[in-house]
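Structure record follows, encoded as structure tokens.
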Amino acid sequence: MSKPRCSLAVTAVITILTLGVPALAWQPTGSARGDASAGTATLEGPAGIRWSADELGDRARVQVTFTATHQSGEGPLFLGSGPEDAWRAVEMPADGKARAVELWALRPLEAPLYLGCAKGDRWSLSDLRLGQWSGPKLEHLWPAPQTFAPLPGEWKPKGLLDARVVTVGREQRLAVDVGSLRMILPASVECVRGQRDEFKAEAVNTATGEIQLTIGLQGPPWIWLPATTVPIAAGRNIVLRPQAVSLWSGESWCKLVFESGGQQRVAPLCVNCSPAYPAFGAFLTEQASEADLQAVLAAPVSLFMAPAKLVAGLGPKRLGPEVIAYGNAAELERLAACDAAGWVRLACVWDEAPEWARQVQALAASATVSKAGWMLSAGPMDVQPGPEGLQGASEAQLASAAACGKGLSCLVARPPTLPVVEVVRSSVAGLGTDRLPFWTDFHRRFDPAPLRAQLAARGLTVPVAWVDAQTAGNMAPADQSTAWAAASAALLYQGATAMCGRWPVPQDNWAWTEMVRELTAAVPLMGVPESDIGSTSTDAPVIYRVFLRGREGTLTLSNTTATKVNIAIELAAEPLAASIVRFAPGSQPVREYVMPFRFSQAAFEQGRPLVFLNLAPAETTLLNIRLVDAHPRWLRAIERRKPPAPTGPQKRWSERGGWWEDLQRRARNLRQEKERDEHR
């Protein structure tokens, strides 16, 4: 029985809602025998039980419970849509003992469900029942960010809105009066795509008492700045450092919004963004239409990959995402000669592998292509899942890629797709087995490290862009976003330069956009500390990956266990602000933001700069921390630890002078005491 291919569609389970059905109208296949009315069966491999789509009805999240006795053989029970599309779901010794089994799976409504065993095995099943399950409700750790409604894509201000020009020293800046506050700010800012780049805005309080100021940004869909409220004492001048994020390179116009004393004022702000990688985008198939292209141009993605003949209709370059054009050499050379060439960053030879080397070399020698300033790529490299991760494509494709020579700047690969039915959790009473078969296999088989090793062995050190990533079509938006987060973290940690999902990706789902904001332009950091609860290994209970992006440290955490995990993250750099996005299959994603950052009372009582998190089963979380002094060792440790209940009075620690230095000193003393105890 073959194993399924892996994909970006993933799910998991936590809370169970039982809707038992005692009588199952299953149809036996192979040498399965039994009584459908009593829900019993004997399986002699290869054999199986099949429930039709009509019998399953609207059960998309299926719970299957039964009592199983493994009578002979060494193989597992498989669950899927059929014998050739099934997961290893139940593994038990053939000792003749009956054990209660619970399985949870996700299926398209049009797909059947199959339960069977391998050749040479014999199983006895009884009390077969069907039910449904639902996901967890994620706990909120910090407040959800306040944002303003987006502006039209190419909005430009008429005049200075509520602002005026003032001279500060030798510079001209903008001034805005809101309530008893006077704001002094720049008219434009420079940023790097994906990074939270700050700019200075000075606030002067002319009132006789403390007032509250809320500052935020209203911009196009690809620019984001959470609103922040800060107190300003009477007669004080303070400097604010808002952090704008843009997913498009180029120039965009926004409104800075100030609210205080019941008034709202706005000022124009020009954001000039330079490109950075890795980037996220969309993949348009050869059947894509002009309407699809226009929809992508309005989506919050950094780039898209499209056929050269479709790109040719774009016209001269204007504001928008970058483009990877694909086609044969003739199509790409024609595109290089037209006005739309300015959109293209990377041109990809999309043909049979034996043609890659010849076509890439021909394009590299073309004066038209050289004038367009393109980088050249080759693809598609179709990658298959293996027991240790994503394996390389065929030897012919690898050889052709190696023969491309110095003209090759990148390789384009397509990740594998998902089987129809995913087994997301299995529990076997009496063996203490409670695991997530799909997630365990997903993280192991989606690791691109083996592929990188194969490419390096052939001298191919060029980056890999992953495109045409697609779900199986049976996932709710929240589950798709969880899959995107886990897959993107794995691929980007191994040096991917781009991640493009087949259009339409869940672009209407805000959670997918939030995940894109957290990982665009993130640089992976290797050699991070490991602990008993987690590591970068795909076999760890909690898989974590560490990134650095400008002055931000980003940490992705994936819980591969079937239980809730409490962890503590120790920082080695002072935090300014933090944001977190949490994805758990079967639940609505959670986005939170805290500015300025405050450690909990429990962290101070323990004398360590700890951030406490809890991870639901199969949850993937992206934690981003804005740092005062960002450096590659910003993360000191990750460990299993539940936050204790505070025992002392609650204090606003971040307002006490020297709090970070004090916390660092106490943590250092604790480590030294531990080291002395270990050497005694």
Side-chain angles (χ1 to χ4, degrees), residues 153-154 188-199 217 219-225 243-254 269-284 293 296-306 311 314 316-326 335-336 339-348 369-377 408-412 462-467 488 491-493 495-501 505 507 513 515-524 547-552 554 624 630:
E154 295 192 16
S188 64
V189 298
E190 303 288 331
C191 68
V192 176
R193 182 166 61 196
Q195 294 187 15
R196 291 179 174 87
D197 287 302
E198 66 182 29
F199 58 94
L217 182 144
W222 56 88
I223 293 184
W224 181 72
L225 172 70
Q243 305 158 21
V245 180
S246 178
L247 298 177
W248 281 11
S249 56
E251 180 184 281
S252 302
W253 282 93
C254 310
L269 182 71
C270 182
V271 178
N272 296 298
C273 183
S274 56
Y277 305 93
F280 285 78
F283 176 84
L284 298 178
L293 182 63
V296 168
L297 290 175
V301 295
S302 299
L303 56 83
F304 65 89
M305 186 170 182
V311 175
L314 281 173
K317 172 65 176 176
R318 58 182 176 82
L319 181 66
E322 295 178 358
V323 176
I324 304 174
Y326 68 90
L335 176 61
D339 291 339
W343 286 88
V344 178
R345 175 185 69 91
L346 186 70
C348 179
V369 171
S370 298
K371 184 178 179 181
W374 294 350
M375 293 185 291
L376 299 178
S377 177
L408 189 68
S409 300
C410 176
L411 275 171
V412 172
V462 295
V464 177
W466 296 90
V467 305
S488 300
L491 296 177
L492 268 63
Y493 194 67
T497 188
M499 181 78 176
C500 295
V505 293
Q507 77 283 356
T513 304
M515 181 271 300
V516 171
R517 288 179 179 138
E518 299 305 319
L519 290 178
T520 296
V523 177
F547 300 85
L548 188 65
R549 182 174 65 177
R551 292 180 58 186
E552 306 165 63
T554 299
N624 178 284

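Because the structure is predicted, anything quoted here is derived from the model rather than measured.
- For the pair P300 and P221, the tightest heavy-atom approach, listed with the atom from each and the gap, is CB-O, 3.7 Å.
- M499 CE to W466 CH2: the interatomic distance, rounded to the nearest 0.5 Å, is 9.0 Å.
- Here the side chain of S377 pairs a donor or acceptor atom with the backbone of C410 at under 3.5 angstrom.
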- Task: Please lay out, stage by stage, how R517 and N624 fare under the test side chain to side chain donor-acceptor pair (under 3.5 Å).
- Result: CA-CA 10 Å; R517 288 179 179 138; N624 178 284; over 6 Å; no
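- For the pair L303/C500, a side-chain contact is recorded, criterion being any heavy-atom separation below 4.5 Å from C-beta on.
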- Item | Worked check of side chain to side chain contact (heavy atoms under 4.5 Å, CB included) between L269 and V189 | CA-CA 7 Å; L269 182 71; V189 298; 3.9 Å; yes
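- Considering all non-hydrogen atoms of both residues, C348 and I324 come closest at CB-CG2, 4.4 Å.
- Judged by distance alone, the side chain of T497 and the main-chain N or O of A465 form no donor-acceptor pair under 3.5 Å.
- The two residues R196 and E518 make their nearest non-hydrogen contact at NH2-OE2, 2.7 Å.
- Residues passing the side chain to side chain contact (heavy atoms under 4.5 Å, CB included) test with P321 are W248, L297, F304, sequence neighbours excluded.
- With rounding to the nearest 0.5 Å, the separation of CD in Q195 from OG1 in T520 is 11.0 Å.
- Contact detail for V301 and V296: the closest heavy-atom pair is CG2-O, 4.2 Å.
- In this structure, E251 does not pair ionically with R318, as no charged nitrogen and carboxylate oxygen lie closer than 4.0 Å.
- In this structure, S249 and E322 have side chains that are in contact, with non-hydrogen atoms separated by less than 4.5 Å.
- Between G550 and A630 the shortest heavy-atom distance is O-CB, 3.7 Å.
- Proximity of a side-chain donor or acceptor of R549 to a complementary backbone N or O of G194 within less than 3.5 Å is detected.
- Atom CG of N272 is separated from atom CG of D197 by 12.0 Å, given to the nearest 0.5 angstrom.
- Rounding to the nearest 0.5 angstrom, the gap separating the CZ atom in R345 from the CH2 atom in W374 is 13.0 Å.
- The nearest pair of heavy atoms linking L319 to W343 is O-CH2, 4.0 Å.
- Counting heavy atoms from C-beta on, the side chains of F199 and E190 never come closer than 4.5 Å.
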- Task: Verify side chain to side chain contact (heavy atoms under 4.5 Å, CB included) between E552 and Q243, making sure each step is shown before the conclusion.
- Result: CA-CA 11 Å; E552 306 165 63; Q243 305 158 21; over 6 Å; no
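- In this structure, Y277 and P463 have side chains that are not in contact, with every pair of non-hydrogen atoms separated by 4.5 Å or more.
- Using a 4.5 Å heavy-atom threshold, the side chains of V464 and L491 count as separate.
- Here the OH-CG distance, from Y326 to L284, works out to 7.0 Å after rounding to the nearest 0.5 Å.
- Note: L408 CG to L376 CG = 8.0 Å, rounded to the nearest 0.5 Å.
- Judged by distance alone, the side chain of R193 and the main-chain N or O of A276 form a donor-acceptor pair under 3.5 Å.
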